[in-house]
Amino acid sequence: MEALECKKLCPEWPCEDPSEYRGIWVVGEVVDGELSEASLQMLTPALKIASKLGDRVTGILVGHGVERHAKLFIEHGADRVIVVDKPELEVYYPTTYGQVIVDLARRCKPALILIPATMRGRELAPYIANTLRTGITADCTDFDVDEETGEVVMIRPPFGAILLAHIKTPHRRPQIGTARPNVFPVPPRREGRRGEIVRVDDIEIRDPGARLLSVEVIPRSEKPIEKAEVIVAGGRGVGGPEGFKLLEELARLLGGVVAGSRKAVDAGWIPHEKQVGQTGKSVKPVLYIAVGISGAAQHMFGVREAGVIVAINKDPDAPIFRQADYGIVADYREVIPRLIEYLRRASAAG
Ligand SMILES: Cc1cc2nc3c(=O)[nH]c(=O)nc-3n(C[C@H](O)[C@H](O)[C@H](O)COP(=O)(O)OP(=O)(O)OC[C@H]3O[C@@H](n4cnc5c(N)ncnc54)[C@H](O)[C@@H]3O)c2cc1C
């Protein structure tokens with residue numbers, strides 16, 4: 001982009017010299033007393049970039065009683081963990097947590113901040129980017145380094161996943177990127193690995209202007225799809241909620257859960273939290289049974305980490321057969337009742 005254009009877009013242009021910014025940060029998220037798997041997964045791209053740039057990876061922990069998670073961050077690959085641990089941070093408020101990370105970033109000048117695209121991360125990342133007046137790339141599927149310029153390249157599918165956009169933020173720092181849970185694996189743990197833990201106590205915690213009165217936990221009847229080992233997913237070919245009852249029975253017998261394509265969600269046959277794909281969730285079951293799903297790129301994006309994919313589709317030319325490990329060309333209404341019958345008999349026989 002031309003300098004002039006940049007100046008029009010950003011009154012503070014030019015920013016400080018980007019080469020003054022060093023280090024790759026991963027923002028940790030502590031939920032229900034645990035450092036989330038989604039935060040640890042962000043260490044995978046962080047370590048890849050750090051090794052290409054000869055830089056180091058820092059985990060960020062903000063909250064109360066969170067310092068004990070620093071060791072886990074280090075054992076999974078962080079070189080250093082910065083901890084802001086205060087009673088005023090007991091409850092998560094996006095602006096308070098965001099402001100702490102902004103203050104840390106202003107002091108330490110990291111080149112890149114990676115944030116998991118969880119519910120919390122989706123609030124924090126744009127807040128941090130906007131306050132720092134820098135660029136953000138959401139829902140990245142990969143990260144790399146431009147070998148000529150040394151800039152971090154954030155890769156994500158735009159426009160319905162038919163292209164891959166390579167996005168850089170040449171004039172502003174830090175660069176900020178998010179990735180959805182399960183897009184990257186958690187790097188292996190090396191117990192006893194050592195790193196630096198830096199406790200920062202002199203950050204001013206601002207009043208969030210809100211007060212948490214109570215928390216109501218909505219009971220979950222089954223595992224969330226991103227944690228399930230077996231998924232039976234239905235698409236438009238299932239034809240309606242009645243068809244999903246068959247899928248639920250099959251999932252129950254296999255010890256799994258049901259999920260769906262966007263078409264099934266849009267039709268109201270299954271809730272949005274169970275949508276698999278680019279605008280839904282990425283899943284990593286051992287077994288994924290796709291029923292009446294054509295296999296559009298945006299759907300298949302969500303099952304890249306699946307073990308075995310079985311497709312049931314009545315159209316022999318359905319694109320899903322090109323990506324499935326096993327394909328059954330049939331009307332699902334003939335196949336699934338037989339599978340259910342077989343599994344019932346097998347479980348009755350012990
Ligand atoms: C920006 C963008 C983001 C998107 N994000 C997502 C996303 O996150 N997830 C997602 O799923 N989609 C997403 N989509 C939509 C995607 O492009 C497809 O339209 C969608 O995945 C198709 O859903 P489907 O396979 O259920 O339906 P269809 O494509 O209509 O396929 C239905 C299939 O069912 C088969 N069938 C019909 N009857 C039977 C039967 N009785 N037995 C067996 N097979 C049968 C048909 O042969 C057909 O192959 C996105 C699209 C865009 C543009």
Side-chain angles (χ1 to χ4, degrees), residues 38 116-119 122 137-142 154-165 167 178-183 224-228 231-251 256-285 287-306 309-341:
T118 52
M119 297 256 280
R122 284 178 187 279
T137 307
D139 294 342
C140 297
T141 54
D142 204 358
M154 314 214 207
I155 302 167
R156 60 152 295 155
F159 313 125
I162 48 167
L163 302 165
L164 277 180
I167 298 166
T178 72
R180 286 169 187 235
N182 294 336
V183 167
I225 60 169
E226 58 274 35
K227 297 229 159 97
I231 294 178
V232 180
R236 184 154 65 169
V238 170
E242 279 307 307
F244 266 91
K245 292 211 174 107
L246 266 184
L247 271 51
E248 270 165 26
E249 179 58 4
L250 178 61
V257 300
V258 286
S261 71
R262 182 154 126 180
K263 288 270 171 75
V265 170
D266 289 350
W269 303 339
I270 188 156
H272 180 255
E273 68 189 41
K274 287 172 172 281
Q275 181 184 316
V276 172
Q278 190 194 332
T279 44
K281 289 181 175 166
S282 291
V283 293
K284 47 173 187 178
L287 173 64
Y288 188 79
I289 304 180
V291 184
I293 292 178
S294 58
Q298 298 89 351
H299 182 83
M300 299 314 285
F301 176 81
V303 293
R304 290 171 315 156
E305 297 285 322
I309 299 179
V310 177
I312 304 173
N313 197 303
K314 67 180 185 183
D315 174 6
D317 297 322
I320 195 153
F321 288 130
R322 292 199 286 272
Q323 294 179 62
D325 299 285
Y326 298 95
I328 303 173
V329 181
D331 187 320
Y332 83 91
R333 285 167 295 201
E334 287 166 21
V335 177
I336 293 197
R338 284 160 73 178
L339 278 173
I340 290 174
E341 186 54 32

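Reckoned from all heavy atoms, side chains included, excluding hydrogens, waters and symmetry mates. In each ligand, atom 1 is the first atom listed, and ligand 1 is the first ligand listed.
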Could you tell me if the side chain of Thr178 sits less than 4.5 Å from the side chain of Arg156, heavy atoms only? no
What distance do Asp331 atom CG and Asn313 atom CG have between them, rounded to the nearest 0.5 Å? 10.0 Å
Of Ala318, Gly295, Ser294, which has the heavy atom at the shortest distance from atom 29 (O) of ligand 1? Ser294
Where ligand 1 meets Asp331 - atom numbers and elements under 4.0 angstrom, heavy-atom basis: 40 (C), 41 (N), 42 (N)
Considering only heavy atoms, which of Ile320, Ile336, Thr279 lies nearest to atom 6 (C) of ligand 1? Thr279
Hey, does Ile309 have a side-chain heavy atom less than 4.5 Å from the side chain of Met300? yes
Which atoms from ligand 1 have a heavy atom of Tyr332 less than 4.0 Å away? 40 (C), 41 (N), 42 (N), 43 (C)
Could you tell me, atom by atom, which parts of ligand 1 come under 4.0 Å of a heavy atom of Gly235? 26 (O)
Assess the residue pair Arg304 and Val183 against the criterion (side-chain contact (heavy atoms from CB on, under 4.5 Å)); give the C-alpha distance rounded to whole Å, side-chain angles, the decisive distance to 0.1 Å, and a yes or no. CA-CA 8 Å; Arg304 290 171 315 156; Val183 167; 3.5 Å; yes
If hydrogens are left out, which of Ile328, Asn313, Ile312, Asp315 has an atom nearest to atom 48 (C) of ligand 1, that is, the closest non-hydrogen atom? Asn313
Within a strict 4.5 Å, meaning less than it, do heavy atoms of the Gln278 and Arg180 side chains meet? no
Ligand 1 contact on Ser261 by region, counting heavy-atom pairs under 4.0 Å: both
Please classify the Ala330 to ligand 1 contact at 4.0 Å (heavy-atom distances, strictly less than): side chain, backbone, both or neither. backbone
Identify, by atom number and element, the atoms of ligand 1 in contact range of Gly277, meaning under 4.0 Å from any of its heavy atoms. 7 (C), 8 (O), 9 (N)
Reported NZ-to-CG distance for the pair Lys227 and Asn182, which is rounded to 0.5 angstrom: 8.5 Å
Approximate separation, where rounding is to 0.5 Å, of Leu250 CG and Tyr332 OH: 12.0 Å
Going by the order shown, which atoms of ligand 1 are within less than 4.0 Å of some heavy atom of Ala296? 16 (C), 17 (O), 18 (C), 21 (O)
For Gly280, the atoms of ligand 1 under 4.0 Å from one of its heavy atoms are 8 (O)
If we only count N/O pairs under 3.5 Å, is Val276 in contact with ligand 1? yes
Using a distance-only test with no angle check, is there a side-chain donor-acceptor pair under 3.5 angstrom linking Arg262 and Thr279? yes
Below 3.5 Å, N or O to N or O, backbone or side chain included: is there any such pair between Gly292 and ligand 1? yes
What atoms of ligand 1 come within less than 4.0 Å of a heavy atom belonging to Arg333? 41 (N)
Would you sort out whether Gln323 and Val303 count as a side-chain contact (heavy atoms from CB on, under 4.5 Å), showing the intermediate values? CA-CA 10 Å; Gln323 294 179 62; Val303 293; over 6 Å; no
